[in-house]
Each structure stands twice: as structure tokens, then as C-alpha cells.
Amino acid sequence: MKFTFIFGLILISAMAYADDVWLKGASVVDPLTKTIKKTDLHLVNGKVRRGTAPKAATAKVRIIDLAGKWIIPGLYDMHVHATFGNPGPGQSYQVAPPSEIAKIVLYAGVTGFLDLFAAEEEIFFAREQTRKDPKYADIYAAGPMFTCTKGHGTDLGRPTRVVNTPKEAEVQVRELAAKKPDAIKISMDRNIGPVLDMPTLKATIETARKLGIKNIVHIGTWADADDALRAGADVITHLGWTDVPDATLALMKEKKVMEIPTMTYQTELLHILENRRLLNAPLLLGMIPADLLAGYRGMDVPDRFTAHELEIQIRGRASFPVSLKKIVAAGIPVISGTDAGDLGVFHGYSIHREMSLLVDAGATTWDALASATSRAKAFLKRPLGIGEGELADLVVLGGNPIEDIANTQLVEKVFHRGVEIDRGAAVAGLKLSAK
Ligand SMILES: [Zn+2]
């Protein structure tokens, strides 16, 4: 017994910090200072140390020559549904538990994500189960959605939290807070059903705030956004299906809200329908089962659910980019999140598309990179991953992402908690299951 115990400890510590490695000669891209500097990084005990790499490796210290390469902080996807797997049109569906999703996304340089709706027991268990193990991306989770009777969230066939009065809101937020959610998610969607009344919405937000928990509000219409803003939303996620009204935009600015637009979810299925070459991106091909992609290639005759999603995207297509352009131009801080777990979105890969769609809407490449790194991590109070003394989470790229944001897809190496990820092994367990 004693032997097993000690042996187990040795294994754990070896697993946690296997690497003592110098990354030599790369250009380090820092979205906080908007600078690119050739800097050697020493990853030791999971942390970043800056300095000058030694001339030669030793038995204990590796040197990786990264001349001509770029280093960015590990990417974060701030709107995912890790328990939903990767759905596809027709009968294709990639089912994977959230821990498996946390493994797969590292292939694409995603070192952490925020889950914004899941059965709370399942997602909080996965978060604890994978915590601090470098071979899983870091899971952050909100758990359920707070909604009202018959409101959006009750229609998804999963347990959620229904609150109809300020008193109920207070009780339920306190109950969830005991499980330490990383944020709370509130659903306000007049496109789908009734929404929380203002006193209940305010009580939900204020109870969470008293307990030190930030909120993210799902909106379906701009009227939902107006309510959320007046009640004290920290972050709004999604865009309404019409052009954002000037009054809403002004309120967003006044209230200093942040926005997670989920452009991938709102537009990408239609983009794929119209341009199947989008499915040929090497990063996507490397991490998604071919059968699942075949479902997308063959969606000229969509099944009922796919047709329904396409209809929504066609309805909103004129307005989604217009609203995002206005939000970017108004200087409202955008955080990247994809809504992975929905059709047209792929866990891991799609954060790269989200950044590109943000640049298409007028954001600078620096801003797009910040949306998936520094700004996302600041919300979660997580270190950036490339600074002196910080927990090392970083991605080595074969191209400069500031010249072209699509270069973030040229992922060559991923380091998570200071350990180099075996990217092949991360996606080796990929399986496709029928619906
Ligand atoms: Zn979502």
C-alpha cells in the first residue's frame, strides 16, 4: 500500500511538470502591450521565465529552436457547451464527454474554455476531474441557465434553474454559488419564450454580485439586451436578429458591458453551405472526424433541424455583421466565444474562425487576438500565460497573426501549464457516433 502511494505521488509530480525547456528565438506576440519581441522563454515548474537560452541542451534541459516562429498566449473560447459534443447535419454526431472535449481542443491551441450551459453536476464534476492536469484544457463553467417558466433553457431537454420571483432568484443563486460557478448565465430570449421580469432579473444579478460572481446574459432580441443592461449585465452574449438600435448601443457603452457575439454560431453554417471549401482548413481536417465533415459536405438537402438553423441564419444574415461592426466601431470590448456544441461550430477549431469574423467586422488583428486571450483571461482572473512568473499557456505558430489573423490556424506546438502537448495523442480518441 505504502509503495503504491509513494509511486503514485512520483507519477503525479512527473506528469505535472515534465518539462524544463527553453523556447529559443521566437517572436513573442503580446496582446496586452501590442508588441512583438524576439524573446527566449524558459518554461520550468510550469511557469514562464524570461532570459537568454543557454548554448547547449543538457540531460535535464531541452532547447527548442523556434527562429522564424511566433508565440501567442493560449487561446480561450468563452462560450462553449462541452457536454453537447460536435453535432453535424443528418445522422453525423461526435459524442464525447466534456473531459474528452477538453483534451481535443488543445490540438487547436485552446488551453481553456468557459462552458455556458450544461447539467451542473456533469460539468462541475468534469472541471474537478481534469483540474490542473496539463493534458486537459482548463474547464471553467457556469452550470445551468437562469430562466423563467417556459423561458429559453427549459426547451433544451436538460435540467436548468427556473426562477420567477426575486426571492426564488436569491435562493437559487445562493444554492448554485455553493458549487463555485465561474460565472452565472442568465437566459433572456423573447424569440423563444417569456423572459425574467425586471425585479427577478435584478435579484439574480445582484445576489451573484454580492457573492463575487459575474454574470453573462444570453439575448435573443435587442429588447432583451436593454433589460439586461438596465439590470446590470456584465457581459451580453449573441446578437439580435435586427441591426442594433442606436439607443441600445449607447446603453452598452454607458454601462461598460462586454459582448460575446458568437458570430460562428450565428453565421458559419450558412457560410459552409455556400462555400464547402471552408471545410478544407488543415487545422479542421486534423481534429474533426472525416465522417462528421462529410455530413456538412452533403447538406444540400438539409434535415429538418439543419434547415431550421439555416433559416435563422438567413433571417439574420444582413444584420449580424452590421451590428458587430457597430459594436466594434463603438469601442465596446468584444470577447471571443463560438457557442461550440451547435451546428456549424467545432470545439477548438472555431475560435480561429471567430477571430477572423471579428476582423471581417472591422476589428484590428490585435483586438481579435486580445478577444480570445488577454480579455478572456482577465474576465476569468487567469494569467495571460507568456509573462514572467506566469503559469505557461502558449501556442507556437508558423505565421504572424498580426499580419493575418488566419495565421493563428498555423498551430505547430502547444504548451499547457508548462508542458508540451502531444497534439496527435490529444485527438487520437476521436470517434463518431450516430445520433
Ligand atoms: Zn450557447
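All ligand and atom numbering here is 1-based and tracks the order in the structure.
Backbone or side-chain N, O or S atoms of H238 do not reach the Zn ion (ligand 1) at under 2.8 Å. The Zn ion (ligand 1) has H81 among its coordinating residues (N/O/S atom, backbone or side chain, under 2.8 Å). With a cut-off of 2.8 Å, the Zn ion (ligand 1) has no N, O or S atom of D342 in range.
Taking the charged nitrogens against the carboxylate oxygens, D422 and K135 have no contact shorter than 4.0 Å, which rules out a salt bridge. Using a cut-off of 4.0 Å between Lys/Arg side-chain N and Asp/Glu carboxylate O, D182 and R127 are scored as salt-bridged.
In this structure, the side chains of L239 and S319 stay at 4.5 Å or more apart for every pair of heavy atoms.
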- Full working for side chain to side chain donor-acceptor pair (under 3.5 Å) between D133 and T130: CA-CA 6 Å; D133 183 339; T130 57; over 6 Å; no
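Within D339, the N, O or S atom at minimum distance from the Zn ion (ligand 1) carries the name OD1.
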